[in-house]
Amino acid sequence: MALHIGSVAPDFTQESTEGTIKFHEWMGNGWAVLFSHPKDFTPVCTTELGRVAKLKPEFEKRGIKTIAVSVDDVDSHKRWINDIEETQNVKMNFPILGDSDKKVSKLYDMIHPEWNDTLTVRSVFVIDQNKKVRLIITYPASTGRNFDEILRAIDSLQLTDKYSVATGVDWKHGDNCIIIPSLTDPKVLKEKFPKGYHEVKPYLRLTPDPSK
Ligand code: BEZ
């Protein structure tokens, strides 16, 4: 069955460059970003893995662990890591799942046979502390992902979980937010948004970032 936003992220046990991973147990009480790579020793993936290793402090700040998957085995990943570290000037600091049996790729529908029936596309799954899928992004193999955008989207998810707001186009931490349209009671609005709000239209009401 296809995975959707709101689905429980499938659990699995699989070998990785950091030993055996029981996914839900490995996640603990935090969030995770699980992302796939078509194949080892490929150029775009090499740059992406280096970038995610450099962004580790940013993911950690948000309570997020990252984990990659590629359809080759762990020995191949370990050889590839030498190249990633050499070319991207970084120390790898998160696991890459071996997936030569395609267990994880199939579980998460990362193989799109109309493109290629053995390699994975570039999938990203953001999974929250309740093991629910919160965001799914799919890129083709030839287009590297923008992990700043993934962090930005995670900031929105974590903010909107906490406050009765949505975030508009190109929103970044600190920008004005949008009050969710279902909130109309003036008393509640005053309680929830003590800094006030600006009503551009009755359905478009802007308020300062409530987390600041
Ligand atoms: C890459 O990661 O560089 C890549 C993988 C498959 C097809 C094209 C590019």
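Basis for what follows: all heavy atoms, side chains included, without hydrogens, waters or symmetry-related copies. Numbering of ligands and ligand atoms starts at 1, following listing order. Model, not experiment: these values are computed from the prediction.
Salt-bridge check for Arg134 with Asp161: passed, with a basic side-chain N closer than 4.0 Å to an acidic carboxylate O. Here Arg51 pairs with Asp148 in a salt bridge; the nearest charged N to carboxylate O distance falls below 4.0 Å. One finds a salt bridge joining Lys172 and Asp175 here, because a Lys/Arg side-chain nitrogen approaches an Asp/Glu carboxylate oxygen to under 4.0 Å.
The list of side-chain hydrogen bond (donor to acceptor under 3.5 Å, both in side chains) pairs with a residue in residues 186-201, not counting sequence neighbours, reads Ser164-Lys192.
Side-chain contacts under 4.5 Å among hydrophobic residues (ILVMFWY), followed directly or transitively, place Leu206 together with Ile178, Val200, Tyr203, Leu204. In the hydrophobic clustering, Ile111 connects to no other residue, as no ILVMFWY side-chain heavy atoms lie under 4.5 Å from its own.
Annotation: ligand 1 has protein neighbours Pro38, Thr42, Pro43, Val44, Cys45, Arg122, Ala141, each with a heavy atom less than 4.0 angstrom from the ligand.
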